[in-house]
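Accompanying notes for the structure given below.
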Amino acid sequence: QVQLVESGGGQVQPGGSLRLSCATSGLFFVVYDMGWYRQTPGKQRERVASITPSGTTDYRDSVKGRFTISRDNAKKAVDLQMDSLKLEDTADYYCTALRTGFWGQGTQVTVSS
C-alpha cells in the first residue's frame, strides 16, 4: 500500500519560514519524480516544485529563490523548505509522486500577520 504523509505545515508571519516534509512508504521512490503542489479554495491545484530522482529541480516562477525542494532517496522522503513566505503562499500543500496518481493528504500553510 502506497502512502505519502506530509507534515510541517502551520501558521507563520510574512517573511517567515516553514519546512514541509513528505514521508513515503510502499513506493519505489527512487525511480519517480516527486513534487509539491498547493491549492486554495476555488482554485486549481498548482505545481510548486518538482525534483527528479537525480536531483534536478524545477519551480514555479512565484517561488523561485524562496523555496527549495530536496529529496532523500534512502529515506524515501521529499522536503520543501519555504523561506520569505508571502501572504499568497497560504494554501494546502500536497506531496505527490508525479504521474502516478499517488498523493498525500495535504498539510495546511497559513501566512498571516
Side-chain angles (χ1 to χ4, degrees):
Q1 182 181 1
V2 175
Q3 287 189 313
L4 289 78
V5 180
E6 302 97 335
S7 60
Q11 185 167 341
V12 65
Q13 292 186 338
S17 297
L18 282 174
R19 188 176 184 89
L20 306 183
S21 295
C22 175
T24 74
S25 61
L27 184 70
F28 195 17
F29 182 85
V30 70
V31 303
Y32 293 114
D33 294 353
M34 298 297 296
W36 284 95
Y37 280 65
R38 65 187 181 189
Q39 188 171 25
T40 54
K43 289 191 175 182
Q44 278 196 320
R45 197 171 289 189
E46 61 184 24
R47 186 185 296 196
V48 175
S50 61
I51 186 167
T52 68
S54 62
T56 300
T57 58
D58 186 59
Y59 300 91
R60 68 181 300 107
D61 286 346
S62 62
V63 307
K64 284 180 180 177
R66 301 189 296 120
F67 289 12
T68 304
I69 189 171
S70 61
R71 66 189 292 160
D72 186 327
N73 288 334
K75 294 182 178 179
K76 299 184 179 181
V78 57
D79 289 354
L80 184 69
Q81 176 67 39
M82 305 186 295
D83 298 318
S84 302
L85 282 161
K86 302 178 179 180
L87 297 175
E88 53 265 39
D89 294 319
T90 295
D92 292 325
Y93 284 71
Y94 298 87
C95 170
T96 183
L98 295 178
R99 295 178 293 279
T100 66
F102 296 126
W103 293 84
Q105 82 289 347
T107 186
Q108 190 173 54
V109 171
T110 302
V111 185
S112 172
S113 56

- Message: Please give me the minimum heavy-atom distance between Gln11 and Ser112, naming the atom from each residue.
- Response: NE2-CB, 4.0 Å
- Do you know the tightest heavy-atom contact between Ser84 and Ser17? N-OG, 4.3 Å
- Query: Got a second to check how far Arg60's CZ is from Ser50's OG, nearest 0.5 Å?
  - Reply: 11.5 Å
- Query: Is the backbone N or O of Gln105 less than 3.5 Å from a side-chain atom of Glu6, with the two atoms forming a donor-acceptor pair by type?
  - Reply: yes
- How far apart are the closest heavy atoms of Val109 and Leu20, and which atoms are they? CG2-CD2, 4.0 Å
- d(Thr110 OG1, Gln13 CD) to nearest 0.5 Å is 13.0 Å
- Message: Using the rule given for side-chain contact (heavy atoms from CB on, under 4.5 Å), can you reason through Ile69 versus Val78, listing the C-alpha separation, both sets of side-chain angles and the distance that settles it, and then say yes or no?
- Response: CA-CA 7 Å; Ile69 189 171; Val78 57; 3.8 Å; yes
- What closest approach, in Å, do Ser70 and Arg19 show between heavy atoms, and which atom pair accounts for it? OG-NH2, 3.6 Å
- So, Ser21 side chain and Asp79 main chain: donor-acceptor pair closer than 3.5 Å or not? no
- Message: If we ignore hydrogens and angles and just use 3.5 Å, is the side chain of Thr52 paired with the main-chain N or O of Asp33 as donor and acceptor?
- Response: no
- Note on the structure: On a heavy-atom basis, the closest approach of Leu27 and Ala97 is CD2-CB, 3.9 Å
- Task: Apply side-chain contact (heavy atoms from CB on, under 4.5 Å) to the pair Leu4 and Cys22, showing each step before the final yes or no.
- Result: CA-CA 6 Å; Leu4 289 78; Cys22 175; 4.0 Å; yes
- Message: Counting only heavy atoms from other residues, nucleotides and ligands, does the tally under 6.0 Å from CD of Glu88 exceed 12?
- Response: yes
- Message: Under a 3.5 Å distance rule, please check whether Thr24 uses its side chain to pair with a backbone N or O of Lys76 as donor and acceptor.
- Response: yes
- I would like to know whether Leu85 and Phe67 meet side-chain contact (heavy atoms from CB on, under 4.5 Å); could you show each step before the answer? CA-CA 9 Å; Leu85 282 161; Phe67 289 12; 3.8 Å; yes
- Message: Under 3.5 Å, is there a donor on one side chain and an acceptor on the other for Asp83 and Gln81?
- Response: yes
- Report the distance from atom OG of Ser62 to atom CD of Glu46, rounding to the nearest 0.5 Å. 6.0 Å
- Same cluster (ILVMFWY, side-chain, under 4.5 Å), Val12 and Met82: yes
- Pairing residues for Tyr37 by the ring pair (Phe, Tyr, Trp, His ring centres under 6.0 Å) criterion, not counting sequence neighbours: Trp103
- Message: Less than 4.0 angstrom from a charged side-chain N to a carboxylate O is my criterion; do Asp89 and Lys86 meet it?
- Response: no
- Minimum side-chain heavy-atom gap Arg38-Leu80 below 4.5 Å: no
- Test Gln39 against Tyr94 for side-chain contact (heavy atoms from CB on, under 4.5 Å), laying out the working first. CA-CA 8 Å; Gln39 188 171 25; Tyr94 298 87; 4.2 Å; yes
- Query: What closest approach, in Å, do Ala49 and Tyr59 show between heavy atoms, and which atom pair accounts for it?
  - Reply: CB-CD2, 3.5 Å
- Query: Is there a chain of hydrophobic side chains (I, L, V, M, F, W, Y, each step under 4.5 Å between heavy atoms) that links Phe28 to Leu98?
  - Reply: no
- Task: Please check if Val5 and Met34 belong to a single hydrophobic cluster, counting links between Ile, Leu, Val, Met, Phe, Trp and Tyr side chain heavy atoms closer than 4.5 Å.
- Result: no
- Item | Lys75 side, atom NZ; Phe29 side, atom CZ - distance, nearest 0.5 Å | 12.0 Å
